[in-house]
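The block underneath contains the structure these notes are about, expressed in structure tokens.
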Amino acid sequence: MSKLKYHQAFTELTTLALLHLYSYIDRTSQFVPMKKRNEQLNKFLKSQMALPRNEIIKKDIKVLIAQGRKGMSLERKLGELHKVNCEYGEKFTDADHLFVLLTYLYEEHGFESMLDDPDIEREKGIIYTDNELIDSCFSDDNSLSRPLPIFIIMDEPSRLMDIINAHGGLFMAELVSTSISDNSTTLCLHKISALSE
């Protein structure tokens, strides 16, 4: 799954870099030559190298900066790389998208996820599902064939549901049930059909 994390980081970098450049160009009333565009992109890329989320692509950022200094059009190169990354992303399976969602929930919101073990008591704030549910909800080609139940113990389960639904990925969460006695909640992850067609 490190290829998936690499893809995510690189796609985000190319998108943000091009948005940065086009925002700069939009604010400028004059034509911006390639040299000035490269300067802006180099400045942006340097600022991105120190960010922890870009650790996995740090070498690639250094290569881009070096290419820009040698006169290569960084705008064109970033556009090409962005296109390649988008084409790669189209090959993701639903299981890959689930991994992306769970990674996002952990890295951005602190929700760990684990496979449920009947011999171990569930902990508060951890998302659980089990192998049997995963096997029955995903087809052989890793497509989600029916909603996937996930479980969590938390005081405000609607918060998790809202985070998932605002993520903008392949899944929407639906609140199925909540136990008042222990705040155990069942959510179902539904595939958003518009993305799967």
Side-chain angles (χ1 to χ4, degrees), residues 1-16 48 50-60 85-86 88-197:
M1 288 297 181
S2 64
K3 284 184 182 179
L4 190 60
K5 290 188 93 159
Y6 176 87
H7 164 76
Q8 284 179 290
F10 209 81
T11 300
E12 184 176 320
L13 176 78
T14 57
T15 302
L16 292 176
Q48 295 297 301
L51 299 176
R53 70 172 185 246
N54 290 330
E55 183 64 34
I56 195 168
I57 58 171
K58 193 172 187 174
K59 289 179 184 176
D60 298 291
N85 269 315
C86 288
Y88 177 74
E90 291 172 3
K91 297 176 186 175
F92 286 178
T93 65
D94 295 350
D96 292 330
H97 284 282
L98 178 62
F99 175 78
V100 168
L101 174 64
L102 294 173
T103 301
Y104 166 77
L105 291 172
Y106 176 68
E107 291 179 351
E108 299 296 323
H109 300 282
F111 289 103
E112 289 184 55
S113 52
M114 298 180 70
L115 289 174
D116 211 357
D117 184 344
D119 298 330
I120 299 173
E121 188 175 332
R122 289 181 182 168
E123 296 179 39
K124 189 174 184 174
I126 297 178
I127 299 169
Y128 293 93
T129 193
D130 63 48
N131 274 329
E132 289 177 17
L133 285 172
I134 292 171
D135 290 342
S136 69
C137 292
F138 283 92
S139 62
D140 292 338
D141 65 350
N142 291 323
S143 294
L144 188 67
S145 55
R146 65 184 187 92
L148 175 67
I150 60 173
F151 313 96
I152 190 164
I153 299 171
M154 65 183 295
D155 296 330
E156 296 179 48
S158 61
R159 184 174 142 249
L160 175 60
M161 189 175 73
D162 291 343
I163 291 169
I164 292 170
N165 293 343
H167 176 247
L170 184 68
F171 302 104
M172 292 295 284
E174 172 192 20
L175 183 63
V176 176
S177 65
T178 300
S179 169
I180 295 173
S181 63
D182 66 355
N183 288 335
S184 178
T185 299
T186 302
L187 299 173
C188 266
L189 295 179
H190 296 270
K191 183 175 173 180
I192 301 172
S193 60
L195 290 177
S196 62
E197 295 173 354

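Every value quoted in this text rests on a predicted model; they were computed, and no experiment measured them. Numbers here simply count residues along the sequence, with the first being 1.
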*Hey, could you give me the CE/CD1 distance between M161 and I150, rounded to the nearest 0.5 Å?*
11.0 Å

_By the side chain to side chain donor-acceptor pair (under 3.5 Å) test, which pairs, at least two apart or in different chains, include something from residues 106-115?_
K5-E107, Y104-H109

_Distance in Å, Y88 OH paired with Y6 OH, rounded so as to fall on 0.5 Å steps_ = 10.5 Å

_Heavy-atom pair with the smallest gap, counting every atom of N54 and Q48_ = ND2-O, 3.0 Å

_By salt bridge (Lys or Arg N to Asp or Glu O under 4.0 Å) - contacts of E12 (at least two apart)_ = R53

_Gap between atom CD1 of I56 and atom CG of L13 - 0.5 Å precision_ = 12.5 Å

_Counterpart residues, side chain to side chain donor-acceptor pair (under 3.5 Å), relative to T93 (two or more places apart)_ = D96

*Kindly write out the residues that satisfy side chain to side chain donor-acceptor pair (under 3.5 Å) with T15, not counting sequence neighbours, or none if the list is empty.*
H82

*asked:* Can you tell me how far apart CG (L144) and NE2 (H190) are? Round to the nearest 0.5 Å.
replied: 9.5 Å

*How would you list, by chain and number, every residue that makes a side chain to side chain donor-acceptor pair (under 3.5 Å) with D117, sequence neighbours excluded?*
none

*Answer yes or no: is there a donor N or O on one side and an acceptor on the other, between the side chain of N183 and the main chain of I153, under 3.5 Å?*
no

*Where do H167 and L101 come nearest, in terms of heavy atoms and distance?*
ND1-CD1, 3.8 Å

*Write down the atom of I126, the atom of I152, and the distance for their closest heavy-atom approach.*
O-CG1, 3.5 Å

_Side chain T11, main chain H7, donor-acceptor under 3.5 Å_ = yes

*With a 4.5 Å heavy-atom cut-off, do F111 and I163 have their side chains touching?*
yes

_Pairs where residues 160-186 contributes a residue and the test salt bridge (charged side-chain N to carboxylate O under 4.0 Å, His left out) is met, not counting sequence neighbours_ = none

_Nearest-0.5 Å distance that lies between atom CG in L105 and atom CD1 in I127_ = 4.5 Å

*Should D94 and N142 be marked as a side chain to side chain contact (heavy atoms under 4.5 Å, CB included) after you check the CA-CA gap, both sets of side-chain angles, and the distance that decides it?*
CA-CA 6 Å; D94 295 350; N142 291 323; 6.0 Å; no

*Among residues two or more places apart or on two chains, list those pairs meeting salt bridge (charged side-chain N to carboxylate O under 4.0 Å, His left out) that have a residue in residues 123-148.*
K124-D155

_The criterion is side chain to side chain donor-acceptor pair (under 3.5 Å); which residues satisfy it with T185, sequence neighbours excluded?_
T178

*Side chains of T129 and L102: closer than 4.5 Å at any heavy-atom pair?*
no

_Sequence-distant partners of R122, salt bridge (Lys or Arg N to Asp or Glu O under 4.0 Å), two or more places apart_ = D116

_Stepwise side chain to side chain contact (heavy atoms under 4.5 Å, CB included) test for L98 and F138_ = CA-CA 11 Å; L98 178 62; F138 283 92; 3.9 Å; yes

_Gap separating the CZ atom of F171 from the CG atom of L187, nearest 0.5 angstrom_ = 13.5 Å

_Tell me every residue that passes side-chain contact (heavy atoms from CB on, under 4.5 Å) with P149, counting only those two or more places apart in sequence or in another chain._
L133, C137, F151, T186, C188

*Indicate the atoms forming the closest heavy-atom contact of A9 with I57, along with that distance.*
O-CD1, 3.6 Å

*Which atoms form the tightest heavy-atom contact between M172 and I164, and what is the distance?*
C-CG2, 4.5 Å

